[in-house]
Amino acid sequence: MAVIVQKFGGTSVADPDKIKAVAERVMKVAKAGNDMVVVLSAMSGETNKFVALAHAMQEHPDPREFDMLLSSGEQVTISLFAMAVKAAGMDAISLLGDQVKIITDDSHTRARILAIDTDEIEKHHASGKIVVVAGFQGVTSEKNITTLGRGGSDTTAVALAAALKADACEIFTDVDGVYTTDPNMCKKARKIDKISYDEMLELASLGAKVLDIRSVSFAKRYKVPIHVRSTFTDTEGTWVVEEDELMESLPVSGVTYNKNEARITISKVPDTPGTASKIFTPISDADIVVDVIIQNTREGGLTDMTFTVPLTDYESAMEIVKKVCADIGAERFIGDPDIAKISIVGVGMRNHSAIASTMFQVLANEGINISLISTSEIKVSCVIAEKYTELAVRSLHDAFELDKTTPLEERS
Ligand code: ADP
Ligand code: ASP
Ligand code: MG
């Protein structure tokens, strides 16, 4: 008998009919003799509503209470799902993160899973039940409810699959798999059949929200193969697995965008040892993760410092920068929340020169100005004005011919 973990995202359980359809799909696999663990997200839009409600109460919502509220959407879907299964004549039980014992640290809104107790799930499997687990949530050793960060139900599913040594971990969503870019933004996007953990990590960290980055780290660490596929069709999706020699290694395998960052520039900073530390220490002390950093040189012992922060931390970062500017005697600072980071990703980039310059040329041809650039071995990112996001994604997808499967060097 196989143990199968299936996770369904918010659009897959968006209303009672969809929940019933998902229950039918799960019951078919259960009837074939498998022990099922179903991980559900909240109905789409619900978690966003809770975020807005919290901000109507408190400018900076209390982290413990924020998590208590945010985690509640999943309680609705798992209980409705269990009812749908029972109505169809099979047995199911819904469990919250603390009932399973998904133990996390106490970093509210971005908690990390420390341990998972599988006893409760195994007990219910032994009595023939489909086990339905609330995604996105856990509990601390002090019994406080935590959430794992937005999109965190993917992580719940992969972590459960690892803990249970499951035979399969399937992530069901509203697209057929992982594409060369967001298929909802670019019609020419092509589905990738097989992708390595490393490439998927890079795509997820740069904005491809089809899989939460932490779920991919878990999968890589515990060698859990993930199958990303559509809730609404039976077609084969994308396998996220270890890199092997049969895998496509295109110079560029995907284009991503991230509109959830903001840019801050501090002008005329004294160019002396210790200045960067004076700027970035208070920011990291506030638990704000800085992404791209650029320091320019100027005449007269002064420099400009530009960096990006998550949009959700933008206002707090601006407050900190205001204080720091006064301390270090910087002339002024400006912020821009209307930016997007566009990235091209590919393991094959390691062996190809001119990939970055092609990207810059493509953006220049469209009249798109690049304000920040960052590179690594397998990615190039450019920060641009947010309004050009779609244009940039489509032009890069065309320029690198990502709609075609043949490697670039073999194309005529
Ligand atoms: P779920 O609610 O099922 O977790 P998400 O909305 O989190 O679904 O993720 C699926 C969405 O990810 C798709 O609808 C798509 O718009 C977006 N997406 C972004 N980049 C990609 C990509 N490279 N491949 C597939 N989907 C992507
Ligand atoms: N409901 C949570 C969110 O919207 C978790 C998830 O859907 O994965 O972020
Ligand atoms: Mg998601």
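Keep in mind that what you see is a predicted model, and the values were worked out from it rather than measured. Only this structure's heavy atoms are used, side chains among them; waters, hydrogens and symmetry mates stay out. When a ligand or atom number is given, it counts from 1 through the structure's own listing order. The first residue of the sequence shown is numbered 1, and numbering continues consecutively from there.
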What about [X]: any of its N or O atoms under 3.5 Å from an N or O on ligand 1?
| X | result |
| --- | --- |
| Asp154 | no |
| Asn184 | yes |
| Ser12 | no |
| Ser41 | no |

(request) Please report the closest heavy-atom contact between Ala317 and Ile288, naming both atoms and the distance. (result) N-CD1, 3.9 Å
(request) Determine the sole option in Val39, Ile226, Asp212, Val216 for which the side-chain contact (heavy atoms from CB on, under 4.5 Å) test with Val158 is passed. (result) Ile226
(request) For ligand 1, indicate whether the residue Asp182 contacts it via side chain, backbone, both or neither (heavy-atom separation under 4.0 Å). (result) both
(message) For the residue pair Ser71 / Gln137, report whether a side-chain donor-acceptor contact shorter than 3.5 Å exists.
(response) no
(request) Assess the side chains of Ser371 and Arg263: does a donor N or O sit below 3.5 Å from an acceptor N or O? (result) yes
(message) Could you tell me, atom by atom, which parts of ligand 2 come under 4.0 Å of a heavy atom of Glu74?
(response) 1 (N), 2 (C), 5 (C)
(request) Provide the number and element of each atom of ligand 2 under 4.0 Å from a heavy atom of Gly152. (result) 5 (C), 8 (O)
(request) Write out the residue and atom name of the closest protein heavy atom to atom 4 (O) of ligand 2, then the distance separating them to 0.1 Å. (result) Arg150 NH2, 2.9 Å
(message) Give me the residue, atom name and distance of the protein heavy atom closest to atom 7 (O) of ligand 2.
(response) Ser41 OG, 3.0 Å
Test item, [X] contacting ligand 1 (heavy atom, 4.0 angstrom):
| X | value |
| --- | --- |
| Gly177 | yes |
| Gly151 | no |
| Met185 | no |

(request) Say whether, by atom type as modelled, one donor and one acceptor occur between the side chain of His227 and the main chain of Ile171 under 3.5 angstrom. (result) no
(request) Could you tell me whether ligand 2 has any atom less than 4.0 Å away from a heavy atom of Gly9? (result) no
(request) Select the closest option to atom 2 (O) of ligand 1 among Ala208, Gly10, Ser253, Cys186, judged by heavy-atom distance. (result) Gly10
